[in-house]
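Just follow the structure's listing: the first ligand is 1, and inside any ligand the first atom is 1. No hydrogens, no waters, no symmetry mates; every other heavy atom, side chains included, goes into these values. These numbers come from a predicted model, not from an experiment. Index from 1, following the sequence.
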Amino acid sequence: MRVVSGIQPTGNLHLGNYLGAIKRWVTMQDECDCFIFLADLHAITVHIDPAELAANVREMAAALIACGIDPEKAVLFNHARVPAHPEMAWLLNCTARIGWLNRMTQFKEKSGKNREGASVGLYAYPVLQAADVLLYQATHVPVGEDQKQHIELIRDIATKFNTDYGVELFTLPEPLIGATGARIMSLRDGNAKMSKSDASDMSRINLTDDGDTIAQKVRKAKTDPEPLPETMDELAERPEARNLVTIYAALTGREPADVLGEHAGKGFGAFKPALAELLVETLRPIKARLDELGADPAELDRILSAGAGKAAAAAQPTLDGAYRALGLRGGA
Ligand code: TYM
């Protein structure tokens, strides 16, 4: 299994990133060939202060290591150090169809009413994402639910390229979307996903939040007055309650039904403190490691630069293959 996945280095890592993606990357790095990267070329699709971006890349590299990514096991790097990514993205831009990109819901959400004022990069970024994955012949892409459409697009681009140029260059990747934790919702609105771009910090748990902040956010999380039922089906119309049970289950690696089996009949007055404690205990060692690593930017740069070297070497044969297939370099 060759596993590739990435994350944008904007703002803080939150619980959705952790449960939807990172926790699974950490498990997979022991069994698979893993390439994990900070998508800094994605981060510039909206305006971002350059100094802030540079700091975010280091901070997020540190956060991934604190979560358990081991740069000796997984190749950890940032996009911008590996020019094969934008190079391959250009080649794939010429295969991807405008009609396909027009269907991307994330572009619609992110550009909002100001579609004409959005950058071309924001529109085309799913193609860069395709380059990210196809360059490494990824077989599996572990992501949260919100990335599913982008992975399907990657398969369409790979199929069209292989067919148009009569090659078997690209491997078709499978999205790996976890059963529990693939869509963690906001603590303030059970119908909106937990997100870095939500204006309210109370809507998310950041991996850097201290114990008191976590406890306060859980205490203030929107819920309802009903006790917890016996089955998840009975939570169908109670999105906030369903979300908290899902978070509890994903943190403990259990089924939500199992968590309900233990807590059915309890109200949130009892369930919330149990959840807060679980969160604090899970995040405490991550935060402690993060504080340690943050103190050594030179070591983080060394790790990212070593990772970029390995990534560039792994990407080159596929990039060369794409140039050859297009008649841009040597024979096909
Ligand atoms: P990004 O930075 O928005 O999110 C990183 C990962 O976290 C997952 N995630 C969630 N999972 C569950 N619940 C949530 N509320 C939640 N919020 C975020 C995302 O699904 C993702 O797996 N375009 C990507 C980065 C990227 C990428 C790639 C991913 C660039 N190239 C190639 C995979 C393969 C993004 O913006 O993720």
Handout entry: Donor-acceptor side-chain pairing of D210 and T213 below 3.5 angstrom
Key =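 T213 and D210 do have a side-chain donor-acceptor pair below 3.5 Å.
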Exercise for the section: Could you tell me whether F77 and H85 have their ring centroids closer than 6.0 angstrom? Expected result: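 Here the rings of H85 and F77 have centres that are less than 6.0 Å from each other.
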Problem - Centroid-centroid distance, Y125 to F107, less than 6.0 Å - result: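 Ring centroids of Y125 and F107 are no less than 6.0 Å from each other.
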Practice task
Kindly tell me which protein residues have any non-hydrogen atom under 4.0 angstrom away from an atom of ligand 1, grouped by chain and ordered by number?
Solution key: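 Those residues closer than 4.0 Å to ligand 1 by some heavy atom are S5, G6, I7, Q8, H14, G16, N17, G20, A21, F37, A39, H42, Y125, Q129, D132, V133, V141, V143, G144, D146, Q147, G181, A182, R183, I184, M194, K196.
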Exercise for the section: Describe, in one word, how the ring planes of F161 and Y165 are oriented to each other, choosing from parallel (under 30°), tilted (30 to 60°) and perpendicular (over 60°). Expected result: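 Judged by the thresholds at 30° and 60°, the geometry between F161 and Y165 is tilted.
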Handout entry: Matching residue for R58 among N78, D301, D296 - test: side chain to side chain donor-acceptor pair (under 3.5 Å)
Key =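 Between R58 and the candidates, side chain to side chain donor-acceptor pair (under 3.5 Å) is satisfied uniquely by D301.
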Handout entry: Main-chain N/O of K220 paired to R188 side chain as donor or acceptor, under 3.5 Å
Key =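 Present.
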